[in-house]
Structures are given as C-alpha cells and as structure tokens.
Amino acid sequence: MKLTLFAAAALALCQAHAAEPASAASLDANLAASVATSGDLPSVIITGSMPLPTIEQPRAALAAPVQTASAQQIARSGALDLSAFLRRNLGSVVVNEVQNNPFQPDVSYRGYTASPLLGTPQGLSVYLDGMRLNQPFGDVVSWDLIPRMAIDSLTLMPGSNPLFGLNTLGGALAIQTKDGRSSPGTAIEARLGSDKRRAVEVEHGGSNAQGWHWYVTGNRFKEAGWRDDSPSDVRQLFGKLGWSDARTDIAATVAHADNALTGNGLQEQRMLARDYRSVYTKPDLTQNRSTLLNLTGKHRASEALLLSGNVYYRKIDTHTFNGDLNDESLDQSVYQPGAAERAALAAAGYTGFPASGANASNTPFPKWRCIGNVLLGDEPAEKCNGMINRSHTQQENYGFSGQLTLLADMAGARHAVTAGAAMDSSHATFRQTSQFGYLNPDRGITPVDFFAAGTQIDDDGTPVDNRVDLHGRMRTWSVYASDSMAFNQDLTLTVSGRYNRSTVRNRDAITPGGGSGSLDGDHRFSRFNPAIGLAYAPAAGIGAYVGYNEGSRTPTAIELGCADPENPCRLPNAMAGDPPLKQVVTKTWEAGLRGKVASVASWSAGVFRAENHDDILFVADNQAGFGYFKNFGKTRHQGVELALDGKAGALDFGVNYTWLQATYQSRETVNGSANSSSDADAPGLEGNIPITPGKRIPLTPSHILKAHVEVQGGRDWTVGLAMTAVSSSYARGNENNRHQAGGPAYLGAGKSGGYAVFELNGTYQLTRQLGVFAQVNNLFDRKYATAAQLGATGFNANGNFAARPLPAVGGEYPMVNATFYAAGAPRSVNAGLRYVFN
C-alpha cells in the first residue's frame, strides 16, 4: 500500500474531529501533501478545525459528502455575511429569515437548525478555530458575532458524527480563520447599498523570519433595513498573533463584537399585502456584546506523533427589548372604561377618556381601559393590548482540550489513531421581565410607566408574574478516540466514538428551593456515541462510501424550565418547573458515490437517513393554550443529494439538488388553536391537533435546487449569476399538515409557497491595487417568504386593532387566525471598492 493513501485516510478522519469545545484536530492541506510525499507526520495540526485538502485525493480518501469553501470563494460571491454565503452556495442549506434581519437568520441543513432565537430546537454545531460557538444557554448561534472577512475557509460536515461533540444531530460547521502567513498584506474595503447600507472593513496580516505571524481585521456596518424601523449596527474586531518553527505552532486569538440588531419578525398576510415593508409590532431589538480568547498549540513530538491542545474563554452579554401584542386581550372588552376606571383615571389627572360609547369601530387603538386597570391593580393582563418583554442573558464559558495523533503500522494495515479529552464549563444568568402597555397606530408599544416591570398583579385572582431569574452552571467532560485503517489503495475503514458526561445545575432566584413552580434542578446526562465508515474506490476517478454514526444533545435550560405537566407554560420562554428530560439521540446512515468527468467536473450522489429518538417537542396541555416540552418517539430526516461542480476555461459552474423528507414518526397532540382542523368546539376557539406518523415537519421544504455560473475575463473582471430555488413548506402550527383556509376564522394557506431567487454579482480590477465590485440581490424583485407560522391576528383588514372580532359562541369569543410570513428581502443593489496596499 502506498503511503499517500495512509496520509489521505488520516486527513479524512481528522477532518471529522472538530470536537467540543475544540478537541480534535485535522491536518492542513499543504502539510497533508508533505505527508503524502515524505512519509512524515505534518508539522502542524489545526486543533478543532477541519479544512479539507485541496490536493488531489487518492482513492478511498473521503467517506462523507463534505462541502468546503475558501476565503476567495466567499469574497467573489459578494455575500454580506456567512449565512448569506451558506444559503447561496452550499447544498441542502436553507435560510429562514424569521427575524428579517440579515445577521439573525435560522440556518437549516437537512432540516436541522442553528438559530439565534432562544427556544428553537438546535441541531447543528458550529466552531470557530476549534472553539464551539453554540452558546451555553439554549445552544443558540449568534451569526452576527462571526466576522466574514476573518474567515479563511469553512467546512460543512454532514450527519451526527459524535466527534463533533454535543448538539451535532444533523451536521457541523467548522470555520478556520486567517493568519498572517495565509493572508499577508493590508487592504481596505468599503461598500454602499440600498436601504442606507454602508460598511467599511480593514484587514492586515504579516509574518517575519523569526517565526512570528499576525493578522487583524475590523468591520463597521450600518443600514436602515429594508423593513420599517429595522436598523442594524454591527461592530466587529478580530486579531491573531502566533509563533511557529519547524515543529511547533502557537497562536492566540482575540475577537470582540458589539452589535445592535433590529429584526421585527413575521408579518400577517393581509398587512404584508398592504405594505410589503410593514411590521406587525415593534421594536424587536437585540444587543449582543461578545469577547473571546483562544490559545492553541501544536507540536510534532516525533515523526509518528503529534500533540495539540487549546484553552479558551468567552463572555457574551445579550439584551433584548421586544414590543409585542398581548394575545390575552384579543377576546376581551378593551374599549370603553367603566365607572371605577374613569374615576381612577380622573384621580390620576388624565383627561380625554370617553364617558361612553367607545367600541371597535370608533376606537381602533384603545388605551384607556389598560391605563385604568393598571391604576386599579385589577386586570391589566386582559385589558392592555400591548406588552414590552425585556431579557438580559449573561454567559461565560471556558474550556480546554488535548489530544494526540499517532500514525503506525499494525495488523497488516496503516492506522491513523487519534485520542483526546476535553472539558467545557459555562455559567449563565437569564433574566426576563414583562411590562403591560398599549398599541399605537405606528405598531409601537407604549409601556404603562407606573406599572413596574415584573411586578406581580392579581388578575381575577390569578397572579400575573412573567419574571424569570435563572442561574445555571453547565459542565461537560468528554473523551474520544478514532482509528482510520487503510488496508490497501482501494479500501479505508474508520471507527470512532466519544463519551460525554454533562451536568446542569439550575437555581431560581425568584422561587428557590425546588418544588412546584421552581426552576431549581440538578441534571446529569451521559452517553457514548459510536461511528463507523467505509470508503471504497474500485477505480481512479470514482469512489463509494457508507457510514453510520450517532450523536446526541442534552435538553437546554429553556426546555428543562418548561417541562412540568403540572405547571405548563403558555410560551416556551415562560418558564416554570423542570422535571428531567431525556437526551435527544440521532442515528444517521449515509451512502453515496462520487467521481470526476475527465478534468472538467466532479459529481456526487448520496442518500441519507437520520432518526431522532426521544426528540423534544412543545406539546399541548389539557389547559387550553398552555403546554410543556416533552420527549416523544422519533422524527426522521431522509433524502437524496446530487451535486455537479466544474470549471472549463473561463467558465466556473455548479448545481446542487436536494430531495428532503423531514417527518414526524410518532403520535402526539400539540396546540393547534390557529389550525382549521383543530378539535375546537367552534371555529376560532382554542383547540389541539394530533400529529400522526408521516406528517411533514414545518419549515422543511421537499426540494432545494441551487445553481451558479461565473465567467472570468482574465485577471480584470468576473461576472456571476446564482439561483436558489426552494419548494413550499408547512407553517409552524400546521404540524398535522391539514390546515385549510376558510370562513372568517381562518385566513391563509398554512404554508409558505415555493420560490426562486436570482443574484447577479461582478468584479472589475481597475488597477493592480484597486478593484470594484457590485451585486444585485433578488434580481427580479420577487416577493416571497422563507418561513410561515399560524397564529391569532390582532388586526382587521384595514390594519386597525380589533378585539372580539367575531360573535361569541357559548360565552367565548373566537379569534381570527392568519398565516404570518417571513418575507424575503426585495431587490437591492450593493457596490464597493477594495484597495490593496503595497
């Protein structure tokens, strides 16, 4: 057997080792080439990352449909940020713009999500230079904290590979950042665009003969946003300082971000038809401040042994301020203040309130009953149609890892053995308060100032107290090992496994001591996850692979905080009680073929099936409108992936197609009050819907097609056209796939329609130093939606607030329910300059 096969097998295995928090290593491409030619171990291991090789691969090298991209590809695409590049260029990736802010997307791969929204089930793990970016509280991913210009390469690894650590259910994304050796020189980039978009990015890198290397980049971005009152302000800094010699490489990374993002969320279908840029309620502001430190070290101890490790620290501070509609007011009489309320208003110095006759027709935006009930301490939860929700999350996490990689001949095969251990520890504090208020014609919420945020007020004898003050400590220890065995030029077998032990300690500062309604709890989770893969290459230019792997995720604090059937929650972020939940376990099978068409193109075809066991779902309680998180049966994600990429002369092209079937495989009952097929006593009243096996999971399209073509006119110019086409998907709230529009109580189809969006970009090099670039997004100005949700609407067709919109049925008032859409951005134009200094 040739040594080149062994080196490539080792490389392929190590690429799967972006472990939590930064535990396993991969070999750099050019160093892998030195292994292939000299028989030596590479001098550097890139801890926790997994850049794929760019060199020609021997047969049987890779055993999974891995996707990669370089800094040059990201820059040429014109993508504003990382998520935009993933959406346009990587197969099986869909971005749901639930927040309608470019820096706050839900990135979905094979139906598994990495989202910045607390409470969203997370199924992808994300790493930056081996440091886990999934945050301790909720496993969320804040995409705005990742500086685009600092990215040197990225790799998207499919499946539930256990070596990536917890939360790797559908895949893992590993990002490798630049250093002064790979990105020397100084450059400045400025851009202007639609919706008052302006940005400036600067980067500088270098190295010297003494082995020192350095890199720094900064980004300042501002825009007004394409929707009403949706500005963004992004400030990012990134720096790396390192030293290396023939056997050792040490690097320290520092990154800081301070961002203010307004994403006003979904809009009701009728309001969207009236004004595509409108918002439902406002504001929805998220302020993220993050600082991270990461120290990595790699050392070649001998020709057969490499050692690596890292230590990191990260601090994240997040504030949210959301103006929301109070759904509890929609079935109430909120217009005409009564005698006691009028007396309280007069005593407080208010004037102008109606003495009689206020109703929905003459009072489109009521406020007086709200103010009066707050003054009386009576029923603000029912008479105030607005609410301000505030939260503050503070997180600190730190960890370390160490591993060894050994190359050896044993039992007639070449082996690449990797073994290591890692620890990740976190502390998080989450505080949330709610303050009643009233809705204004501009969709903003005016809080009632004399009602202190979070104060408890009785509402018909029921306490209204939505405060949360949760302190949690999370710690995970893990050990892992893998062995890649190359038996001959054609056959490589890889076996691996990882054992994780996690503890979660929650303490409730409002209701301490445990028991009903308390968030106190001590939880322990442990599991060993195995994996095995076989790659076979019967001839040059063609290969086959098959693999099986298991991954798991522990329940998040927000799920543990709303898991008690005796204390159900109305919303996932309204926590109460936390009996234990089981871990989610995903078992994935992969198989496929890959090959080349002469030297022009490469192709791949694969199938996959992933089953989640003990999945976690927010299910309905007998108490109407409430629910809790619960383990249930399983879900299934399966599909077919086809890809073709090539280059012929000045033409660069690629096509990716995915058929995805993401379905429920167990029976369950969930809240379906906005669903026309619910078991409500009458249309528009609260009710539940049954989920049966085979029903499609919301927000998961069946078909995804991406294509791009780029023409390079020598060194002076390039022009590219890209298309992203996505089929329809069911809305959240339509888990049974049976909702139908009809009657006054149910508006909208319960799904988002399919769409195809085109993007045009180009670059032109004016001089050796100065280049210009431009991009047109949504070239044909298509109106489309990337996600949808069913829910009760608080507005009538004229855009005015409307409580009790339908006649009473048995003393209860039905709601008008509609489909809310995450509208895609309209056509926008961006252009800029890039100047490279000598």
Side-chain angles (χ1 to χ4, degrees), residues 12-13 15-20 24 50 62-67 90-94 107-114 121-127 134 139 155-174 478 480 482 484 492-500 527-535 544-554 582-594 604-616 633-643 658-666 697 700 704:
L13 175 63
Q15 285 155 2
H17 290 196
E20 177 197 15
M50 42 175 210
L62 298 178
V66 178
Q67 301 181 75
L90 297 194
S92 301
V93 173
V94 173
V107 176
S108 176
Y109 173 63
R110 293 182 173 179
Y112 293 93
T113 302
Q122 309 287 335
L124 302 176
S125 55
V126 182
Y127 296 88
N134 298 75
D139 278 331
T155 305
L156 180 59
M157 190 76 173
S160 49
N161 194 315
L163 296 176
F164 288 90
L166 294 176
N167 209 59
T168 307
L169 304 184
L173 176 67
S478 59
Y480 57 90
S482 63
S484 184
T492 302
L493 175 67
T494 299
V495 293
S496 58
R498 182 181 180 114
Y499 175 78
N500 301 296
R527 195 173 194 276
F528 174 78
N529 292 317
I532 185 169
L534 184 68
Y545 63 87
V546 62
Y548 172 79
N549 46 63
E550 296 183 8
S552 59
R553 79 170 178 93
T554 59
K582 298 178 182 179
Q583 295 184 83
V584 182
V585 176
T586 302
K587 301 178 180 181
T588 304
W589 285 95
E590 298 257 6
L593 298 170
R594 65 179 71 248
S604 64
V607 296
F608 64 89
R609 171 179 281 192
E611 291 191 342
N612 287 13
H613 297 260
D614 291 321
D615 214 337
I616 297 176
K634 64 182 180 181
T635 59
R636 176 182 296 161
H637 298 240
Q638 63 183 7
V640 177
E641 296 172 325
L642 305 174
T658 301
W659 174 75
L660 174 65
Q661 187 183 54
T663 58
Y664 297 103
Q665 293 297 310
S666 298
I697 298 173
T700 56
I704 306 167

What is the minimum heavy-atom distance between Gly171 and Thr168, and which atoms define it?
O-CG2, 3.6 Å
With rounding to the nearest 0.5 angstrom, report the CG to CG distance, Leu166 to Asp139.
8.0 Å
Checking side chain to side chain contact (heavy atoms under 4.5 Å, CB included) against His613, which of Gln583, Lys587, Lys582 comes through?
Lys587
Among Thr635, Leu169, Asn529, which residue satisfies the side chain to side chain contact (heavy atoms under 4.5 Å, CB included) criterion with Thr586?
Leu169
Spatial distance of atom OG1 (Thr700) from atom CD (Gln661) [nearest 0.5 Å]
9.5 Å
Does any part of the side chain of Ile697, heavy atoms only, come nearer than 4.5 Å to the side chain of His637, both counted from C-beta?
yes
For residues Ala172 and Phe164, report the shortest heavy-atom separation together with the two atoms involved.
CB-CD2, 3.2 Å
Non-hydrogen atoms of Ser666 and Gly633 that approach each other most closely:
OG-CA, 2.9 Å
Over all heavy atoms of both residues, which pair between Gly159 and Thr588 is shortest? Give the atoms and the distance, please.
CA-CG2, 4.1 Å
Counting C-beta onward and ignoring hydrogens, is there a side-chain heavy-atom pair between Leu124 and Asn134 closer than 4.5 Å?
no
Could you grab the distance from atom CZ of Phe608 to atom CG of Leu660, nearest 0.5 Å is fine?
5.5 Å
Smallest separation among heavy atoms of Asn549 and Ala531, with atom names
CB-CB, 3.6 Å
Report yes if some heavy atom in the side chain of Tyr109 is under 4.5 Å from a heavy atom in the side chain of Thr658; otherwise report no.
no
Intermediate values then yes/no, side-chain contact (heavy atoms from CB on, under 4.5 Å), Val93 and Leu156
CA-CA 10 Å; Val93 173; Leu156 180 59; 3.8 Å; yes
With a 3.5 Å distance limit and no angle check, can you tell me whether Ser484 reaches the backbone of Thr494 through a side-chain donor-acceptor pair?
no
Of the non-hydrogen atoms in Ala544 and Leu593, which two are nearest, and what is the gap between them?
CB-CD2, 3.5 Å
Atom CE in Met157, atom OG in Ser125: separation rounded to 0.5 Å?
11.0 Å
Consider only side-chain N and O atoms of Glu550 and Ser552, and report whether a donor and an acceptor are under 3.5 Å apart.
no
Is the shortest heavy-atom distance from the side chain of Val607 to the side chain of Val640 under 4.5 Å?
yes
Atom pair CD (Glu590) and CG (Asn161), whose distance is rounded to the nearest 0.5 Å:
10.0 Å
The single option from Glu641, Gln67, Arg110 that satisfies side chain to side chain donor-acceptor pair (under 3.5 Å) with Ser92 is Glu641
Gap separating the OG atom of Ser478 from the OH atom of Tyr480, nearest 0.5 angstrom
7.5 Å
